[in-house]
Amino acid sequence: MAKIWLDLCISIERMNYNFNEIEAKWQKYWAENQTFKAENVSDKEKFYVLDMFPYPSGAGLHVGHPLGYIASDIYARYKRHKGFNVLHPQGYDSFGLPAEQYAIQTGQHPAITTETNIKTYRRQLDQLGFSFDWSREVRTSDPSYYKWTQWIFIQLFNSWYNTDTDKAEDIESLIQIFEKEGNTTVNAICDDDTPDFTAESWNAFSSKEKQALLLKYRLTYLADTEVNWCPALGTVLANDEIVNGVSERGGHPVIRKKMTQWSMRITAYAQRLLDGLDKIDWPQPLKDSQTNWIGRSEGASVTFKVLNNTVTERSRSDENVISTPLNHPYEIEVFTTRPDTIFGVSFMTLAPEHELVSKITTPEQKDVVEAYIEATAKRSERDRMADVKTITGAFTGAYAEHPFTKERVPIWIGDYVLAGYGTGAVMSVPCGDQRDYDFAKHFGIDIPNIFSPLTPEEGTEDADALLENGAYAEKSGFVLKNSGFLNGLGYKEATKKAIAELEKIGQGKGKVNYRLRDAVFSRQRYWGEPFPVYYDADGMPQMLDEKFLPLELPEVDKYLPTETGEPPLGNAKKWHWLQYGDEGKVVSREEFEKAISDTERSRSGKIKGGALELNTMPGWAGSSQYFNRYMDPHNDEEIFSQEAINYWQDVDLYIGGSEHATGHLLYSRFWQKFMFDKGLVPKDEFAKKLINQGMITGTSAFAIRLQFIKNNYPFFVFVDSDMFDSFENPSKDSKYDYDDNPLFNFVEQYGSFDVQKLHVDVSLVDSSDEIDISKYKQWREEYSNSVFITKNSGSLKLTREIEKMSKSKYNVVNPDAICEEYGADSLRLYEMFLGPLEQSKPWNTAGITGVHSFLKKLWRLYHSGPNAEFYVSDTPPSEGSGEAFKTLHKTIKKVEEDIENFSFNTSVSTFMICVNELSAQKCNSRAILEPLAILVSPYAPHIAEELWEQLGHTESISKAPFPKFEEKYLVESSKEYPISFNGKMRFTLELPMDMTKEEIEATVMAHEKTQQQLQGRKPKQVIVVPGRIVNIVG
RNA sequence: GCUCGAGUGGCGGAAUUGGUAGACGCGCUGGAUUCAAAAUCCAGUUCUUUCGGGAGUGUGGGUUCGAUUCCCACCUCGAGUACCA
């Protein structure tokens, strides 16, 4: 008897929606059958769906991480149903700081930590049922992958940017030009300090001199750069790795420091990076932030001649005009967006770091200037930002000559001028720029007015009065005065004219300036890509031959900088490159020196090599080309085959977080454009469409604890949040009478209290925001003797607040637990159901029961047999099932539209409506349920596969074509018209669809409810929109 | 400060080109089932009301027969950026 009972239980169990079993089964099936493996050769149209690959952190995934992955997976699965050959790969951005920090603390090799973390990630990703083609997995820290990161670095090194052809070209072509013409005719992007040279001098240069000059043109180059040095992290940071003056990771202070670093000449691509934004379908805010980051501004560069000190001294007693031609030793180049205001210049300001400062400062001012420079150098970036209001500066004692008026213009230094922007010098026009104005006011410098307002403010007879409270920075509403040849002109014409005149006298030209800086590419870290670079006997960098790649990371004893302050790679015992003919290897310093000292061989020129680069590449190196590598990830001969890149072309849909706007997404676009120039890729933008998924925030739970004082000792009482609310706001209607509120007694007895809100672990809280008091006491033993006043004895009502998900707030929800309790399909549906993909929205586990019971209802539709066994009817739906077809096709239409519009939340609702309707119709027809399974499968793939199999199919549902929508099932013969009065709907009326306007009006007007609404009034107008609405006005 | 985005029930959120505001789900209330609980099912749930209705999408104005949707001004919140000449 017991046996029979047990069997029955088991069979019922089998009939129920056993998601754990089903999900494990299909995940295994997909893996074993390589269901989602994409082929590089196919007759099908390609579609590339990409997620931003994760950094595998030790904490694993929380419920917020997979949001984008779920969306992209739905889209990928949908596209497969639509007949596309879909590439949907995944991998790991596995170089990075946390693993290295962990290595420093524990001595554990970062590769080991990384491997462990990847295993966790993989398990967590697998359990969510993603349709990734794992055969294409890449890891940035894998030598077979970073071989190609190094390879691209070499390509960049061997390239220069030709502004005539507007693309990157091989460095050999530049050398040829130098040999024939020197560098004076070529239009190339290069360092600002590049000297002019002729072909003769080029040909006479030593090889070291040539190499040094070429570095000024290469797209990746070594230069002394002012960098953001973070002493706490022991490394340099890129601008996008600094937030509010401190490091993005860890929040450590950052100082400016000059260091020899590899840089990427991304500025060569500034304009193309800007222009390219127009042809990609990326979110506007993201495009805006890239536009801001690139920061294009149009204006002019103007050269001011510095007056010779001695002459200046002598002429000081004279008028301000110097007529004698002078021998100008120095020139100051400034960039201005307002060349039209050039006659308003009353001083110049240089950044304290400007190289001319020390050269032009007069002996009298030397002490003041030096003291000022020292003071500003001490101020950290953060201090400077904290008090922008404080105006500081110093006069150099030197003067420049105004290019047109030839008047003397005093030269100041001030830290409001940034060394890194433009030329690090400005022509100060106090009447037209607020910062110049403030500076002038502060130091009592002249503020000459050059603006004549078109519409003078009332009460300002004197136009100069408009400068009383600040500069006039508008670009309209004035004509110029006191401006020589610009008098009477407005902004536009004056700008044009001023530039023309500057060009005429050879002291300026129109110029476009970018805020974008070249990207520093060196990091003083261990866990990153090694540079394929060694330094030769001249100290010049040399690239390793491609055939020696990858240059693998050496082993080190410790991951900290060396005692001499060199990067961690300085600890490597073997880190010299030694090459003899075609043989090359990494050796120790001793071995290298021994080989070199073998004079016979080294003199023959066959021995090459030197110390290898000690820096490693930054985090963004590996992520700047991975999307292309996925196309042909195991190719050891090429970065990818031309066949693969020409088939897959580019990413059709890229989903990831908006925090990568000015980092990864800008650098990747830069590399893509470079590779496009080199003919390696067919598209100069790597992703057609990009979507930023919103953040999922946590819903923290708080217990309210009141602190009373009893006999001079604190005394704590936990209280129901409802009870507390009604006590605080007695007027509000609530479940508590003020007088009945138990809290009242406490207050009467002990007087006033302090309120404390204590975070409670959200996993202990039920769907009604209550926590079992015994559970709470178990979790927080220190409260086991506290007093709890509650409505229901045994549980405490909590308040909730939205906060970022974080461990310390006890609001992190682990997907593992959700999968265990509700299944991956429920989790997938719920994440989508929460709201629009791009929006940030709070997670609350309580709500998942809604989608979970939807799946159970769906399951029941297919299990209407006795004992809830699988049953579908093969007989085509009879006339009574017309409704079922309507329900189905309504759903097909909506779901298809929703997926195309990335509106995944609304399709989940649509599925719910569909299943609710079919359940009500008691539909069990195969003709309906089979297409329904396909519709659901992108969202809830496991249950769909299981139902599909039960329906008798032997192939995965992912191969099934998407159901075709047919309009005919939705045609209605009548419409329930809303009847509005003055735009307000008052009642509805069912009328045939084929009724004419006039007939509708007549029928509606004759209706008793209409008359009742009008109450004898005569309508002024009746609007009838057939098939939509009737509106009666009057 | 500047740039961008968003404000709709107790909560997450729906609402085609302007055309029945609050779909769907959570929560809540009542009921069925159960020894009981869970699960499940049914009904109700924007506010207000004299049960006829009336008001209502951050605030104020405008366009329109009709506005959550379009325009103007303002308020609040969020994100990015910050002396960029």
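Here is the naming used below: chain letters follow the sequence lines, and residue numbers restart at 1 for every chain. Keep in mind that this is a model prediction, so the values were computed, not measured.
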Given atom CD of A:Q1021 and atom C1' of B:U64, what is their separation to the nearest angstrom? 11 Å
Pairwise P distance for B:A32 and B:U49, with rounding to whole Å: 30 Å
Rounding to an integer number of Å, can you tell me how far A:K287 NZ sits from B:C4 P? 15 Å
With A:F904 as reference, evaluate A:D898, A:I899, A:I70 under the side chain to side chain contact (heavy atoms under 4.5 Å, CB included) test and give the passing residue. A:I899
Counting side-chain heavy atoms from CB outward, which of B:G12, B:G80, B:A85 is closest to A:L834? B:G12
Can we call the ring centroids of A:Y830 and A:H852 under 6.0 Å apart? no
Among B:G25, B:G80, B:A85, the one nearest A:S289 by side-chain distance: B:G80
Reckon A:N905 has a side-chain N or O less than 4.0 Å from the OP1 or OP2 of B:A14? yes
Return the nearest nucleotide to the side chain of A:P285; candidates are B:U81, B:C24, B:C4. B:C4
As its Watson-Crick or G-U partner within any shown strand, both distances under 3.5 Å, B:U68 has none
Between A:Y372 and A:D415, is there a donor-acceptor pair closer than 3.5 Å when you use the side chain of the first and the backbone of the second? yes
Taking the nucleotide of RNA chain B with the closest heavy atom to each, which residue, A:V908 or A:V426, is nearer the 5' end? A:V908
Just N and O in the side chain of A:S840: are any of them under 4.0 Å from OP1 or OP2 of B:G78? no
What integer number of Å spans the C1' atoms of B:G7 and B:U59? 11 Å
Using a 4.0 Å heavy-atom cut-off, does A:D288 contact any base of the nucleic acid, only the sugar-phosphate backbone, or nothing at all? sugar-phosphate
Partners meeting ring pair (Phe, Tyr, Trp, His ring centres under 6.0 Å) with A:F987 (sequence neighbours left out): A:H1007
Could you state the CD1-C1' distance from A:I696 to B:G13, rounded to the nearest angstrom? 14 Å
Rounded to whole Å, the CE-C1' distance (A:M912 to B:G12) equals 12 Å
Please determine whether a side-chain nitrogen or oxygen atom of A:Q839 lies at a distance below 4.0 Å from atom OP1 or OP2 of B:G5. no
Any idea which of B:G12, B:C84, B:G25 is nearest the A:Y421 side chain? B:C84
Does B:G18 have a Watson-Crick or wobble mate here (both distances under 3.5 Å), and if so which one? none
For nucleotides 36-44 of chain B, which of its nitrogen or oxygen atoms have a protein nitrogen or oxygen under 3.5 Å away, and what is each distance?
none

For A:L350 and B:A85, what is the distance between atoms CG and C1' respectively, to the nearest whole Å? 13 Å
Please pick, from B:G19, B:U20, B:C83, the nucleotide with the shortest atom-to-atom distance to any side-chain atom of A:V1025. B:G19
Heavy-atom nearest nucleotide on RNA chain B taken for A:G850 and for A:G295; more 5' hit belongs to A:G850
Listed nucleotide nearest any side-chain atom of A:W293, set B:A82, B:G66, B:C24: B:A82
Nearest whole angstrom, please: distance from the C1' of B:G19 to the CD1 of A:I1032. 14 Å
Would you say the side-chain atoms of A:S774 and A:D772 include a donor-acceptor pair closer than 3.5 Å? yes
Quick test: give all pairs of protein nitrogen or oxygen and nucleotides 54-62 of chain B nitrogen or oxygen below 3.5 Å, distance rounded to 0.1 Å.
{"from": "B:G54", "atom 1": "OP2", "to": "A:R986", "atom 2": "NH1", "distance (Å)": "3.3"}
{"from": "B:G56", "atom 1": "N7", "to": "A:K984", "atom 2": "NZ", "distance (Å)": "3.4"}

May I ask you to check whether over 12 heavy atoms, not counting those of A:N901, lie within 6.0 Å of atom CG? yes
Name all residues meeting the side-chain hydrogen bond (donor to acceptor under 3.5 Å, both in side chains) criterion together with A:S806; count only those two or more places apart in sequence or in a different chain, and write none if there are none. A:S808
No-hydrogen, no-angle side-chain donor-acceptor test under 3.5 Å, A:Y416 and A:T349: yes
Quick one: label A:D436 by what it contacts on the DNA or RNA (base, sugar-phosphate, nothing), any heavy atom closer than 4.0 Å. nothing
When we call it a touch if two heavy atoms are under 4.0 Å apart, what does A:S980 touch: a base, just sugar-phosphate, or nothing? nothing
Sugar-phosphate only, base, or nothing, as touched by A:Q434 at under 4.0 Å among non-hydrogen atoms: nothing
Counting side-chain heavy atoms from C-beta on, which of B:A85, B:G19, B:C24 comes nearest to A:S909? B:C24
Quick one, A:E1001 with A:K997, criterion salt bridge (Lys or Arg N to Asp or Glu O under 4.0 Å). Give me CA distance, side-chain angles, the key distance, then yes/no. CA-CA 6 Å; A:E1001 183 172 341; A:K997 246 179 155 174; over 6 Å; no
Under the ring-ring contact (aromatic ring centres under 6.0 Å, His included) test against A:F347, which residue among A:F304, A:Y437, A:F439 passes? A:F439
P gap between B:U20 and B:G30, integer Å: 35 Å
Can you list everything that forms a side-chain contact (heavy atoms from CB on, under 4.5 Å) with A:R296? Sequence neighbours excluded, please. A:Q271, A:L274, A:E298, A:V512, A:Y514
Judged by atom type as modelled, is there a donor-acceptor pair below 3.5 Å linking the side chain of A:K975 to the main-chain atoms of A:M993? no
Taking a pair as Watson-Crick or G-U wobble with both distances under 3.5 Å, which nucleotide is matched to B:G1? B:U81
I want to check one thing: is the phosphate of B:C84, taken as OP1 and OP2, less than 4.0 Å away from some side-chain N or O of A:R435? yes
So which nucleotide from B:A15, B:C24, B:A85 ends up closest to the side chain of A:T906? B:A15
NZ of A:K841 versus C1' of B:G12: gap in Å, rounded? 10 Å
Whole angstroms only, please: what is the CZ-P distance between A:F833 and B:C26? 8 Å
Identified pairing partner of B:A23, criterion: Watson-Crick or G-U wobble below 3.5 Å: none
Selection residues 691-700 of chain A - residue pairs positive for side chain to side chain donor-acceptor pair (under 3.5 Å), sequence neighbours left out: A:S700-A:E803, A:S700-A:N811
Pairing check on B:U46: which nucleotide meets the Watson-Crick or G-U wobble criteria with it, both distances under 3.5 Å? B:A55
Check this one for me: any side-chain N or O of A:N692 less than 4.0 Å away from OP1 or OP2 of B:G5? no
Quick one: which of B:G25, B:C65, B:U20 gets closest to the side chain of A:I1029? B:U20
Same-atom distance (C1') from B:U63 to B:A73, integer angstrom: 15 Å
Who does B:A37 pair with, Watson-Crick or G-U, both distances under 3.5 Å? none
